[in-house]
Amino acid sequence: MKLLPKEHANLVEQAIRAAQAAGDLPAFDIPEIEVRPPKRPEQGDYAASVALQLAKPAKLNPFHIATQIAHHMPAADFVSAVEVLHPGFINFRLNPEWLKAQVDSIITEGENLFQLDLGVGKRAQVEFVSANPTGPLHVGRSRGAIVGDSIARILEATGYSVEREYYFNNAGVQMTNLGNSLRLRYLEALGMPVEIPGADDKTFYHGDYLRDFAKQLIAEKRNTLVEEDWLPFKEYAEVKMFEIIRTTLKRVNIHHEVFFNENSLYDSGAVWKILEALEKGGYVYESNIRENADEEEREKAKNYAPAKWFRSTTFGDKEDRVVVKSDGNPTYTLPDIAYHANKIERGFDLLVNILGADHFTQHQVVKYGIQALNMDSSKIHVILVQLVRMIKDGEVQKISTRAGAIETLDDLIDQTSADAVRYILLARSPDSHLDFDLDAAVAQTNENPVYYIQNAHVRCAGIFRQTSDISDDGADLSLLGDAEMTFIRKALELGDVLEFSAVNLEPHKIAFYAHELASVFHPIYDNVRVLSTDVSPDLAKARLRFYRAAQVVFKRVLNLMGMTAPEVM
RNA sequence: GCUCCCAUAGCGCAGUGGAUAGCGCGUCGGUCUUCUAAACCGUAGGUCGCAGGUUCGAAUCCUGCUGGGGGCACCA
């Protein structure tokens, strides 16, 4: 399938060169030519404003330039007319015959509709979710999960070979706390005298899931673990937690090819090698306080033991960061830098990392670390998704894994549907804060955009259920009307939306496009009937062919968003 | 205080420097004996937070300000 903006831009460029060669336009450098569908139908199907940009360099009035460009415009099978409008827009109209033929092209491409070659031969990695196995996935994590997986799908559709990766840490204080928490729940479930910490105890995980784990653990091991410390409990909880997380992700159609354990960076010695490299570069110093600290800070740090600091200020950070604590253990920063260095060494052409907005500072420090290692950080693209807040009964819910006050992704799916959750979390710019109004999502289920879009696919499927005895092979597409062509025009924009989403890593564009496409479809469905006594067999055949193409487009778009394309609702 | 994101219709949000700024919900009024009415048609609703600047042209780019949210631990 053609990417029409590009095709038109090529024509314009050829026309400008031709006009210059003929002496009808003066010499000037040709800028990047942008062509896109204008807002209003009377302004054509595609429009270029390049003549307006050229007025200055060419020292001519834009209308004249546009006229000359139009005059030299080469012919193309997809263009039927070129118009020039004041103050200097060049408007194209698609050739109706060509347009109608696209119905067959769409059906031929099928599930690979607008499969692009942007990333062919290239490897991309998308890292997302990356939650430590301390609790079920909550809503805050879910947004990054959906955005990450959707980006992966879009990259696949543009030809990339994509790996989805999940980075996690199963060591550290939080996991010890988790082990301890399960241990207490285990003893509690055995009826032993234990004191469960209060809700404000930050070392205890209060979630009910640990009660469940404790019961299962007793079923498996009885009371044989009574004398054990936190470790076997931590190991048990970790395995169980990952099972749950994977199952939850599967429910929303997400799976990761690689689970990368932070520990492996210690096992391989990578963490210390990175530290050594940073030290060699002169980016590390030992002190009880960062350089350039003010008097107040110095006073506070007077009694601290020395730690190792990364001089990230060299790269524009506002303060240096501790990489090795005074107790000799690295902070999260060091393995994080090692992890990203590892990613780069694995030779991906594109690295995408989905992070919550609260990790902004962290990713900056990691980036400075990569620079200090003299590695190319330009392949790393970080998508920061703004925080999600749950609104319930009109009030903001506090989310805290430790306190057990969690709105989990599972709850959300149970109360709505996997497709609805995906769409709601996807259909927003990542930069925009998202208030997930649970009451509205549940109550307005029938008006949720997800069903509006899926219903278009369902309606197509409904037609084919009723017409299994009619073949649409060899349909005469010239019988199709203007309404159907409005839809085909919109459908042909999918490739551009896809390319834009991939290049800019903005998957929400697909979500909005899907809704626009459905809103073009539904009115047509109402008026363009297949089974009606006043529709001739030939016309019915042509319309059937049209709906087959429409169904292909909706299925492709829904798949790109990781949603199902149901036959019935 | 430093920093990141946001501010567009009553509410929730799109908007890639171009032509008369859009969509959903909600308002009001219509449409099912015909392939799914989870739909369609019509209606009302705007100082694009404020003030400057750049440009032939600014919701979009720059500066400042105001308001809301996030981040600024030897936690991850």
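Note that these values count all heavy atoms, side chains included, but never hydrogens, waters or copies made by symmetry. We name chains A, B, ... by the order of the sequence lines, and we start the count at 1 in each one.
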Contact list (N/O, under 3.5 angstrom) for nucleotides 1-4 of chain B vs protein:
none

Under 4.0 Å, heavy atoms only, any strand: does [X] hit a base, just the sugar-phosphate, or nothing?
X	value
A:Val173	nothing
A:Ala305	base
A:Ala307	base
A:Tyr304	base
A:Ser326	base
A:Val503	nothing
A:Val568	base
A:Asp336	nothing

Can a salt bridge be assigned to the pair A:Glu238 and A:Lys234 using a cut-off of 4.0 Å between side-chain N and carboxylate O? yes
Please name the nucleotide paired to [N] by Watson-Crick or G-U wobble geometry with both distances under 3.5 Å, or report none.
N	answer
B:A58	none
B:U66	B:A7
B:G1	B:C72
B:C23	B:G12
B:A37	none

Contact string for nucleotides 13-22 of chain B, one letter per nucleotide 5' to 3', B = base within protein heavy-atom range under 4.0 Å, S = sugar-phosphate only, - = neither, reads SSSB-BBB-S
Heavy-atom contacts, protein to nucleotides 28-34 of chain B, under 4.0 Å, summarised as B (base), S (sugar-phosphate only) or - (none) per nt, yield ------B
Taking side chain as C-beta onward, heavy atoms only, is A:Val129 less than 4.5 Å from A:Phe168? no
Worksheet item: Just checking, is any N or O donor in the side chain of A:Gln174 or A:Asn132 under 3.5 Å from an acceptor N or O on the other one?
Response: no
Applied to residues 315-327 of chain A, the side chain to side chain donor-acceptor pair (under 3.5 Å) test, sequence neighbours excluded, yields A:Tyr285-A:Asp320, A:Ser312-A:Asp317, A:Thr313-A:Asp320, A:Asp317-A:Arg321, A:Asp327-A:Asn329
* Look at A:Tyr452 and B:C40 and indicate whether a side-chain polar atom (N or O) is within less than 4.0 Å of OP1 or OP2. => yes
With a 4.0 Å limit, can you tell me whether A:Arg459 has a side-chain N or O closer than that to the phosphate oxygens OP1/OP2 of B:A37?
yes
- Report yes or no: is there a donor-acceptor pair, N or O only, under 3.5 Å between the side chain of A:Thr467 and the base of B:C35? no
All heavy atoms of A:Phe521 vs all of A:Ala550, minimum pair found to be CE1-CB, 3.9 Å
Correct closest heavy-atom pair for A:Ala483 and A:Ile524 would be O-CD1, 3.0 Å
Separation of B:U60 atom P from A:Asp431 atom CG, nearest Å, is 16 Å
Classified by glycosidic angle (syn within 90° of 0, else anti), B:C32 comes out syn
Check your understanding: Stepwise, does the salt bridge (charged side-chain N to carboxylate O under 4.0 Å, His left out) test hold for A:Asp526 with A:Arg459?
Key -> CA-CA 10 Å; A:Asp526 270 1; A:Arg459 284 178 136 183; 3.7 Å; yes
With sequence neighbours left out, the residues meeting salt bridge (Lys or Arg N to Asp or Glu O under 4.0 Å) with A:Glu286 are none
Residues at least two apart in sequence or cross-chain that pass side-chain contact (heavy atoms from CB on, under 4.5 Å) with A:Leu118, listed by chain then number, are A:Thr158, A:Glu499, A:Ala502, A:Val503
